2 protein chains.
Amino acid sequence: MSTQALRPTGKVLPEHARAHHRSMVLQHLFHTGPVSRADLARATGLTRVTISDLVTSLQTDGLVTELGAAPGGRVGKPATLVGLRDDAFQVVAVDLTDDEHMHGAVLDVFGTVVERRSTPLDGRTGDAVVEALIGLCRDLVALATYRVLGVGVASPGVIDASGTVLEAPNRAWYEVPLAALVSEALGLPVHVGNDANAAVLGELTYGGASPDGLLALTVGEGVGAGIVLDGRLVAGHRHAAGELGHVTVVDDRDDVDDAPLGQAQTCACGRRGCLETVLSVPALRRRVAGLEERAAAVALASVGRRLGIVLAPVVSALNLADVVMSGPAELLAGPLRDTALATLRERTMPVISEGLSLRMTTLGEDGALSGAAVLVLSGQLGVS
Amino acid sequence: MSTQALRPTGKVLPEHARAHHRSMVLQHLFHTGPVSRADLARATGLTRVTISDLVTSLQTDGLVTELGAAPGGRVGKPATLVGLRDDAFQVVAVDLTDDEHMHGAVLDVFGTVVERRSTPLDGRTGDAVVEALIGLCRDLVALATYRVLGVGVASPGVIDASGTVLEAPNRAWYEVPLAALVSEALGLPVHVGNDANAAVLGELTYGGASPDGLLALTVGEGVGAGIVLDGRLVAGHRHAAGELGHVTVVDDRDDVDDAPLGQAQTCACGRRGCLETVLSVPALRRRVAGLEERAAAVALASVGRRLGIVLAPVVSALNLADVVMSGPAELLAGPLRDTALATLRERTMPVISEGLSLRMTTLGEDGALSGAAVLVLSGQLGVS
DNA sequence: AATAGTAAGGAAGGTCTACTAACAAATATG
DNA sequence: CATATTTGTTAGTAGACCTTCCTTACTATT
């Protein structure tokens, strides 16, 4: 059984193959650092001739440069190192997850934040948010010290492949072609993705997570998840993959002895017992408010158990390698995580749980932001 | 955000592009039936010239043939229909799901069973099963009336992309390179896949299920699932995706008022309360044995509720379009399915549940068998 | 019946891409 | 110092698809 697409889709022109090979070279340089042309040839399976040709074209485009002779005295002609230029471009990224402020940044090739700017939303919705977003992007573009490769936006809501926000109730956006609007205003390539999907891309690219079975769980005002399988983002039938926040986890019929968790709460979505009613920053803060440490740990553990119960079927169905959580570490990193992992191990078979890790992100608060940058790298250069 | 692979993998040679385009043409003919070259050009985006060239090469290989003029008097030169030859080849498929018998068949291009043969396992394990399998395949190859394109095998267990069975405890197979062994013995291409994965391929190709969010749940001695997302089979980090049978669903701490379900049972895997302890043919038969119809319906509904609870996180995380069940309809198709679907709708948000269907297979018992045939079609021709 | 318009399919020629083969340059090793 | 090894380039070849132009065959109109 091969891992290729089951159903061939779309024609492949020579130029597409060329772009693919360029991406392979960039990808290798991006993750491995400077190497020789001969090494690139061995890594990609292409010939040295073809690699030389590709490198020349990448040099012409200013993306890579020669970096002198490789150290280490081996037999044969010394290799010339080729590496990504760190002054080739920068990327503008904006994270719209927060309901109060838009957080933006200029990042360099390696995902390091060079400049930050934020704008308060001040209760704006709809077109006014789009206006404010464009303004913030203009400011950030002006702050960039090199060419801006593109703009990446991580937004809550359901977003399709073209960067149209199908629905984002918190911003009062419905069928808003956000990518097209911002791109039109700035004259730059713009890529828009769901914030949880951006977060998972951030983990994949900058967090060192596994490309063949990764789920990134973002806990903020609500809960969202992004999933990468076999190196591909899972979009879902209607672009709504990862909507784990409104799965029922507290059931009035169960849990009579799960005293710490209490009764099912009504959720903002109108239903009862959703994951978000227990696993969100406000809900967790309410839960631990005024409790002494031991009691707080028990309370967080009971939420962790529910998380484990929800994740167990997902982890089993997909045979995931990594689950990465982001959000306030003081709430998530301790008993909540430990209990979630223990519950996952209890409730899945060994072949599944043995290969699994559940951990906090190493990207801090910038998961979605750097993921938005990855949207640009991936969309413009095929690098992630 | 594009749907392309985030990380470019593997070089693309011109011959690969050519093979891809050949597959596109075959795929279109396979699903749409005979069409003109001009229609193929419009459908694929390739030019009429290129399509003519591809069709010529497919004719040379005996896979397609001209079928005379297209009916319907429109302006212009009448089109010549091109179609898949139904005498081009046949496929041999074997389903090893059953612990008692190996079920094999010869199928034509369109997945119709032409001949069937079965062999009792008689308690054999290990190499003896491989021997018996090879024998059955030989018989089936001899029964074929046209060239045999290849052999497809659907087996329980964890199977990697090369067709090596990493572990299949029921057959006492560990690290058995089954595809290589059978291929060596028969001199034919052999593709081996997990039985649940084969079943989902069967649903995809012959069951008309959605390619962008499909889960096929197979209920037999145990429970297995195969998943197709964005037209690709989900393999999992360690090739164990779909192992839903041993997720805990009955919890001694919960369910106090879920009287019909009873206490958690010990599972063959040594843990307690696995899905398989309530959702498997033996477990379901035990549960309804001796019950009158109403009581049986209540008992089946309680299992359906558990199934819904397990599926809710998976369906939400992946935003699935179709969940297709196979197994004994008298157990699965009634209250069990209805309750599972109702529970799914209760426990997921509308954007998820509105796009979801949960239904019985239309392929009867032959899901895995025809899926094994799809392994061959997909592997040899790129058609599914 | 003659003419115009439309569509299918094929032939010729050009471009792009990556390959193979052969070679020059530069170094370590015996 | 001669030889083996490795890097990177040059030159030529082959595959695949494209654009352009042409013939064929049919419908619609005068």
Side-chain angles (χ1 to χ4, degrees), chain A residues 8 10-26 28-29 34-61 64-83 382, chain B residues 8-26 28-29 32 34-61 64-83 382:
Chain A
K11 59 179 174 179
V12 181
L13 264 36
E15 67 213 70
H16 300 144
R18 181 73 163 183
H20 180 84
H21 293 153
R22 272 176 61 114
S23 293
M24 282 174 71
V25 170
L26 287 172
H28 196 77
L29 295 176
V35 289
S36 70
R37 292 173 176 82
D39 284 336
L40 283 171
R42 279 185 286 268
T44 57
L46 296 165
T47 61
R48 294 200 307 274
V49 179
T50 303
I51 289 295
S52 284
D53 196 32
L54 287 166
V55 166
T56 305
S57 119
L58 291 168
Q59 276 178 306
T60 307
D61 294 356
V64 308
T65 188
E66 292 199 345
L67 295 166
R74 300 190 315 284
V75 204
K77 172 175 170 178
T80 312
L81 291 180
V82 174
Chain B
T9 359
K11 58 179 173 178
V12 180
L13 265 37
E15 66 213 73
H16 299 144
R18 182 72 165 183
H20 179 84
H21 293 152
R22 273 177 59 114
S23 293
M24 282 175 70
V25 170
L26 288 172
H28 196 77
L29 295 176
T32 316
V35 291
S36 70
R37 291 172 178 83
D39 284 336
L40 283 170
R42 280 184 284 266
T44 58
L46 296 164
T47 61
R48 293 200 309 271
V49 179
T50 304
I51 289 295
S52 285
D53 195 34
L54 287 165
V55 167
T56 304
S57 118
L58 291 168
Q59 277 179 304
T60 307
D61 294 356
V64 309
T65 188
E66 292 199 344
L67 296 167
R74 303 187 315 283
V75 259
K77 174 175 170 179
T80 312
L81 291 179
V82 175

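Below, chains carry the letters A, B, ... as their sequence lines are ordered, and counting in each starts from 1. Treat the numbers as computed from the prediction; the structure is a model and nothing was measured.
Two residues are said to be in side-chain contact when any heavy atoms from C-beta on lie closer than 4.5 Å; A:Val64 and A:Leu26 meet this criterion. At least one side-chain heavy atom of B:Thr80 sits under 4.5 Å from a side-chain heavy atom of B:Arg37. Contact check for A:Val49 versus A:Asp53: no side-chain heavy atoms found under the 4.5 Å cut-off. Taking 4.5 Å as the limit, some side-chain heavy atom of B:His21 sits within range of a side-chain heavy atom of A:Val12. Residues B:Arg48 and B:Ile51 fail the side-chain proximity criterion, which asks for heavy atoms closer than 4.5 Å.
Atom pair A:Met24:CE and C:dT17:C1' shows a separation of 15 Å (rounding to whole Å applied). In this structure, the NZ atom of A:Lys77 is 14 Å from the P atom of D:dT6, given to the nearest Å. As a whole-Å value, the separation of B:Leu81 CG from C:dA8 P is 12 Å. Counting to the nearest Å, the C1' atom of D:dC18 and the CG atom of A:Leu13 are 8 Å from each other. In this structure, A:Arg74 places its CZ atom 21 Å from P of C:dA25, rounding to the nearest Å.
Of the listed nucleotides (D:dG8, C:dA18, C:dT27), D:dG8 has the atom at the smallest distance from the side chain of A:Thr80. Nearest to the side-chain atoms of B:Arg42 among the listed nucleotides D:dT7, C:dA8, C:dC19 stands C:dA8. Nearest to the side chain of B:Ser52, among D:dT7, C:dG9, D:dC18, sits C:dG9. Side-chain proximity of B:Thr47 to C:dT20, D:dT19, C:dA26: nearest is D:dT19.
Residues A:Arg48 and B:Glu66 each lie close to DNA chain C; by heavy-atom proximity, the contact nearer the 5' end of the strand is made by B:Glu66.
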Q. How would nucleotides 11-16 of chain D be written as a contact map, 5' to 3', with B for base contact, S for sugar-phosphate-only contact and - for no contact, using protein heavy atoms under 4.0 Å?
A. -----S
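Between the side chain of A:Arg37 and the base of D:dG8, no donor-acceptor pair of N or O atoms lies under 3.5 Å.
Rounded to the nearest 0.5 Å, atoms CZ (A:Arg22) and CG (A:Leu58) are 4.5 Å apart. To the nearest 0.5 Å, atoms CD (B:Glu66) and CG (B:Leu81) are separated by 9.5 Å.
Using a 4.0 Å heavy-atom distance criterion, A:Leu46 is classed as a sugar-phosphate-only contact.
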